[in-house]
There are 2 protein chains.
Amino acid sequence: MFGKSIYINRRKKLKDKIQQGIGLFLGNEESPMNYLGNTYHFRQDSSFLYFFGLDFPGLAAAIDFDSGEEYIFGDDVDMDDIIWMGPQVSIQQNAEKAGVENSAHSAKLGSFLSDAIGKGRKVHFLPPYRGENILRLQELLGISTASINDSVSTDLIKAVVAIRSVKEPCEMEEIKAACATGYEMHVTAMQMAQPGVWEQKIAGTIEGIAAAGGSMISFPIILSQNGETLHNHDHSQYLKEGRLMLTDAGAETSMHYASDFTRTVPVGGKFTQKQREIYEIVLAANNEAHKLTAPGVTYKSVHLAVAEVIASGLKNLGIMKGDVKEAVNNGAHALFCPHGLGHMMGLDVHDMEDLGQIYVGYDEEIRPSDQFGLAALRFAKRLEPGYVVTNEPGVYFIPALIDKWKNEKINTDFINFEKLDAYRDFGGIRLEDDVLVTSSGSEIIGERIPIEPDEIEEIISK
Amino acid sequence: MFGKSIYINRRKKLKDKIQQGIGLFLGNEESPMNYLGNTYHFRQDSSFLYFFGLDFPGLAAAIDFDSGEEYIFGDDVDMDDIIWMGPQVSIQQNAEKAGVENSAHSAKLGSFLSDAIGKGRKVHFLPPYRGENILRLQELLGISTASINDSVSTDLIKAVVAIRSVKEPCEMEEIKAACATGYEMHVTAMQMAQPGVWEQKIAGTIEGIAAAGGSMISFPIILSQNGETLHNHDHSQYLKEGRLMLTDAGAETSMHYASDFTRTVPVGGKFTQKQREIYEIVLAANNEAHKLTAPGVTYKSVHLAVAEVIASGLKNLGIMKGDVKEAVNNGAHALFCPHGLGHMMGLDVHDMEDLGQIYVGYDEEIRPSDQFGLAALRFAKRLEPGYVVTNEPGVYFIPALIDKWKNEKINTDFINFEKLDAYRDFGGIRLEDDVLVTSSGSEIIGERIPIEPDEIEEIISK
């Protein structure tokens, strides 16, 4: 964990924003795979990590926003724990590491909260996303599981989002480290992109690189020669000459900061002309996104400008037609890129997604759209220095979606459906970089993973 | 998945054992890491997999034990699912793969169950271990989370345990494949066991081998130069010359069958004399366990015989003293081996641990002990052909435990505490193999991972 002053300072910012009630932060519990004792890699809740830094299960924390007092609740270990888990420090010592003055046994949390509720005080808590913590809230606060979502504190959500959105220098060091591991993962995947190789073998190997780098993957790896399936976690195919392999993968550091990159490469090392033409469009879109990502502009405007690059490129190939701006206004490009340009990244790969996209990506100024494609934009707000976002434009040919639009005559003014037939088996291309919004523009974090088509061909062919 | 006849036959065995009520099998849901959309590797519930074979989230199944009718409940995909997850087959088609005649929308499960309950019929279900399924049972059956554990069906548990305990030939093929991946993991770990190497780098690398082999690790990797901590998931140290690295790790195949091996090797490749002396004791214990594992004998008797090998070896070194049999009767060896000799293995690395150790490892004949050490024996029953168990004897020097026994004068007749002082920094050694109980004895599954000290020294020194 960072030094305690980091956490004290973050909580001070929170206390500046909220003056009343109790802030309750539940840490995560172990998450069982196939029985209680067989658990996945422990992943602490990100907001708990951000404000308290303690990275093990069985914890809760509270901030009394009226008095400013802070508390860590947890349990000390016994001899059995020492035999099985090794010597551990006391809960009091752990609280001190986070700069928290008060610590108490877990069993005290219930009465602490019911005392506060009894006095008519509000308990602020963030939206739970794991069954175990929903059950815990039900028990601690005496509210039914069905009504927990109505009881979350939007004040606390907004305060946390405001603070966590702007990355501190110590956080940027971690994100850089995560990006360095991501670099190694992607170059390894490129080197393995040969005909006959099992997708799972590549996905597993780069997952190992993430783990060897300190912790684990930051999200389930997407790796497939069917890149047109946006979140393709099926890795059962064997790579074929002539296909493109899309890899969307990143690492988490041991402090749980994320990276998230996508590269798409030709199996065997040689783009066909058709592949290279589409690739160049996506590369231009990625570069345009980087150029436009800057403080003061809305990310929605970047998304739309990049959509024009894509539409314009596809028009040049005869796949789209008509006026490019009008096509984008009508969402016609979304047939080829049904997702948003990118998202915030930090302790979570989609940063703070547990707190709600509406609070993280939108505000009073920028409201969500319900247009197909634009509705999938996770982040749209005006950018500020210190924000970290990923730019991940893509072009996909999704047969089921093409058929639907063709049959339902959607955006026929802008799509050349005959021309499209030749692309049904193309797959998809996505190119994603992680960028930091600076005071004057944006910078790609760490060394850029090879992205020029010639560069990629050389890596694979070696 | 296997062919449908396998699942039909397994369910037939279940129906032969239970004639009344409804058997409810909840599949697992996705398990979120840090927000709902960011999930761990999906791990289906093992009993669901065993009886229905379908390996994706959002499913439930039911067997009407009176009529014999079987049902799969799940949802068909929509266009959005196709865009993000790719084309999927219908729930009806999935039911057919499992040889199940009836399928229905998830939403029907509630009324299906309340109809049955309304008619006074019993709903048999297995113990839930994930928060999400506890919440689902609460909603489906209208029982409070606190009383769910009292409502599980011991009839169903016992029937499932009886069937799953004896492995079928198709299961042995999978376990062999898991063992082959485990072999590669352990040899790689040995090769990396050099001074200055970060434990996490080795643990991560072999986790990648498990993933590249088809799926994932079968349990959180234990890898440490502090092998005396039995479940040491801390991999933060850098290996030092003179220490022993203990690695307890295994893989799961894509069908989720497990392997589980432990090896302990000298960092840098050369055992000290002291290390080799203890190593030879553990190796003799492992070999004795293999020799004694055979149909008709109780695993408890194997555990105790192996404990005598350990006590006798430690007596030869002057660490223990007195009569060996008496020492074991008094549990004195448990200072050095506080855990059980082994456990069943199959779809779960501790097979069926979710169903309860008391049903899996014990029966009317063999009852659990509360003696320190023996109480930790997960499996004690009389062995039958087709059982798969791991034999994992170990010798550990746990300073906190040694101090406790010394201070509380526990088993002073059998322990030479002065002599022990020289071993406080020793660490621990465990050697674990996976064996199949055959009609005449037992066989190590797959190629045995190098275990002779000379062999290991050669691998590391290469």
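The structure displayed is predicted, hence computed values, not measured ones. So that the names make sense, note that chain A is the first sequence line, chain B the second, and so on, each numbered from 1.
- Contact annotation for B:T145: only side-chain heavy atoms (C-beta onward) come within less than 4.5 Å of a heavy atom of chain A.
- Residue with the most contacts toward chain A among B:A212, B:P128, B:A203, B:S236: B:A212 (heavy-atom pairs, distance under 4.5 Å).
- With A:N38 contributing its side chain and B:S218 its backbone, the two residues share a donor-acceptor pair below 3.5 Å.
- Counting heavy atoms from C-beta on, the side chains of B:L347 and A:N34 never come closer than 4.5 Å.
- Interface remark: A:I398 contributes side-chain atoms only to the contact with chain B (heavy atom separation under 4.5 Å).
- In this structure, the portion of B:E228 lying under 4.5 Å from any heavy atom of chain A is its backbone and not its side chain.
- Note on B:H339, B:E353, B:E139, B:Q44: by heavy-atom pairs under 4.5 Å with chain A, the leading option is B:E353.
- Only the backbone of B:F42 has a heavy atom closer than 4.5 Å to any heavy atom of chain A.
- Of the listed residues A:I209, A:D348, A:T205, A:N226, the one with more heavy-atom pairs under 4.5 angstrom with chain B than any other is A:D348.
- Side-chain contact check for B:R43 versus A:Y40: some heavy-atom pair is nearer than 4.5 Å.
- Chain A forms the most heavy-atom pairs under 4.5 Å with one residue out of B:S31, B:P127, B:G214, and that residue is B:G214.
- Remark: A:H343 pairs with A:H350 by the ring-ring contact (aromatic ring centres under 6.0 Å, His included) rule, at least two apart or across chains.
- Contacts of B:S46 with chain A are made by side-chain atoms alone, with heavy-atom separations under 4.5 Å and no backbone atom involved.
- With a 4.5 Å cut-off on side-chain heavy atoms, B:E132 and A:E132 count as touching.
- Across B:I221, B:L49, B:D354, the residue that shares the most heavy-atom pairs under 4.5 angstrom with chain A is B:D354.
- Using a 4.5 Å heavy-atom cutoff, the side chains of A:V349 and B:Y35 are in contact.
- Looking at residues two or more places apart in sequence or on another chain, you find a ring-ring contact (aromatic ring centres under 6.0 Å, His included) between B:F379 and B:Y299.
- Using a 4.5 Å heavy-atom cutoff, the side chains of B:E252 and A:M33 are not in contact.
- When atom types are taken as modelled, the side chain of A:R130 and the backbone of B:G131 share no donor-acceptor pair closer than 3.5 angstrom.
- Proximity to chain A is limited to the side chain of B:M216, based on heavy atoms less than 4.5 angstrom apart.
- Between the CH2 atom of A:W198 and the OG atom of B:S254 there is a distance of 5.5 Å, given to the nearest 0.5 Å.
- Proximity to chain B is absent for every atom of A:S47, based on heavy atoms less than 4.5 angstrom apart.
- At a 4.5 Å heavy-atom cutoff, the contact between B:H41 and chain A is made by backbone and side-chain atoms alike.
- Within the model, atoms CD1 of B:I134 and CG of A:L135 stand 5.5 Å from one another, a figure rounded to the nearest 0.5 Å.
- Using a 4.5 Å cut-off between heavy atoms, B:A400 contacts chain A through both its backbone and its side chain.
- Only the side chain of B:N28 has a heavy atom closer than 4.5 Å to any heavy atom of chain A.
- Contact annotation for B:S224: neither backbone nor side-chain heavy atoms come within less than 4.5 Å of a heavy atom of chain A.
- Residue A:F48: no heavy atom, backbone or side chain, is found under 4.5 Å from chain B.
- The main-chain N or O of B:A211 is found under 3.5 Å from a side-chain atom of A:Q200 such that the two form a donor-acceptor pair.
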